[in-house]
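So you know, we letter chains A, B, ... as the sequences are listed, proteins then strands, and number each from 1.
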There are 2 protein chains.
Amino acid sequence: MDAPTPHAALGPLLGLVGTWRGSGRGSYPTIEPFAYGEEVTFGEAGKPFLAYSQRTWDRPGGGLRHVESGYLRALGEGRVELVVVQPSGVLESHDGSVVGDVPAGSVELRTVAVLSTATAKEVQEVRRAMSWTDDVLRYVVDMAAVGQPLGFHLEAELRRVG
Amino acid sequence: MDAPTPHAALGPLLGLVGTWRGSGRGSYPTIEPFAYGEEVTFGEAGKPFLAYSQRTWDRPGGGLRHVESGYLRALGEGRVELVVVQPSGVLESHDGSVVGDVPAGSVELRTVAVLSTATAKEVQEVRRAMSWTDDVLRYVVDMAAVGQPLGFHLEAELRRVG
């Protein structure tokens, strides 16, 4: 493939491009608190979006805990959309905003719609906040699911590894 | 990571695991017919689903045309679900069935729900049929979108490259 020029609409999102690895913790009223390792990749290919993929594990060298993938879309003027799919059968559509100046920036996203397959657990709303510098990426996820109100679910701190 | 044993629920879907490359053609009442190159990957990691990702291009060495990613979920007894997200802002949930005996098999999927972000084009229904042997993967996609009835949209034939 030709090496494309990053799309101008990406703006501060360009600072996310690469691979990030670190650790996080999760809790929710219905489950035991847990810790996890995580790798996140944002890829660009000359289009006004980043391809997003993520995987987490319970312990180094251990099996997969969670994966998800999707696209972070730059709509211009600081507006962004995130569409994400999980193998549990949950599809999420979010919108929000991005601010920053490459390499640093931050994004705030909130759910527009969640679609669950017949066999997936029920998720009502997810809020994602993410901030990054050249070498550190942090995020927090709040969630309303399985009858619980919107509340803390996940936070992680990752370092750039690629 | 430990090398996990493939999940027993995958059944005939195991024949899909790998990377496939080839060419396809597309048409729709609202657009000019087109040809494309494509690479499709199905990955497994010891879980009852395959991670699916795909990219197409207009010509060898050319830029990206389309990408999508998601998960093909094995529910047991030949039932499957496909959840897919596209950077255009379209999220699709499908269910269907799989038949076969590794390495050969086939899947038929039809839309349960389509979710589009505010800025995405309108898609009402997608039907995907896919069949494979050890070295060839073929699929056909029918679609109802932008006010058109369900009709042919895409077909491709890919060869195993990994």
Side-chain angles (χ1 to χ4, degrees), chain A residues 1-5 7 37 39 41 43-55 57-76 79-96 111-120, chain B residues 1-5 7 37 39 41 43-55 57-76 79-96 111-120:
Chain A
M1 298 245 171
D2 307 331
T5 305
H7 198 286
E39 185 174 290
T41 299
E44 69 87 21
K47 300 275 193 175
F49 63 82
L50 301 181
Y52 161 70
S53 65
Q54 178 259 31
R55 60 192 176 92
W57 50 87
D58 290 320
R59 57 179 176 78
L64 214 54
R65 181 186 178 96
H66 178 81
V67 293
E68 61 184 29
S69 60
Y71 303 95
L72 184 57
R73 311 174 66 212
L75 304 178
R79 288 181 58 220
V80 295
E81 287 177 350
L82 176 68
V83 287
V84 176
V85 60
Q86 301 178 20
S88 58
V90 175
L91 303 109
E92 301 172 13
S93 168
H94 308 268
D95 69 8
T111 306
V112 175
V114 178
L115 188 64
S116 300
T117 70
T119 61
Chain B
M1 300 243 169
D2 307 332
T5 305
H7 198 288
E39 185 174 288
T41 299
E44 69 88 19
K47 300 274 192 176
F49 63 81
L50 301 181
Y52 161 71
S53 66
Q54 178 258 31
R55 60 191 176 92
W57 50 88
D58 290 319
R59 58 180 176 79
L64 215 53
R65 180 186 180 96
H66 178 81
V67 292
E68 61 184 28
S69 61
Y71 303 96
L72 184 56
R73 311 175 67 212
L75 304 179
R79 288 180 58 220
V80 294
E81 287 177 349
L82 176 68
V83 285
V84 177
V85 61
Q86 301 178 20
S88 57
V90 175
L91 305 104
E92 301 172 12
S93 167
H94 307 269
D95 69 9
T111 308
V112 174
V114 179
L115 188 64
S116 300
T117 69
T119 61

Inset, instruction - For F49(A) and V67(B), work out which heavy atoms get closest and say how close. - result: CZ-CG2, 3.8 Å
Legend entry - R65(A) to K47(B) - nearest heavy-atom pair and separation: O-NZ, 3.9 Å
Inset, instruction - For G70(B) and S69(A), work out which heavy atoms get closest and say how close. - result: N-OG, 4.3 Å
Legend entry - Contact class of V84(A) relative to chain B, heavy atoms under 4.5 angstrom: backbone
Inset, instruction - Against chain B, label L75(A) side chain, backbone, both or neither, depending on which of its atoms sit under 4.5 Å from a heavy atom there. - result: side chain
Inset, instruction - Write down the atom of A113(B), the atom of L115(A), and the distance for their closest heavy-atom approach. - result: CB-CD1, 3.5 Å
Legend entry - Minimum heavy-atom distance between V83(B) and Q86(A), given as atom pair plus value: CG2-O, 3.7 Å
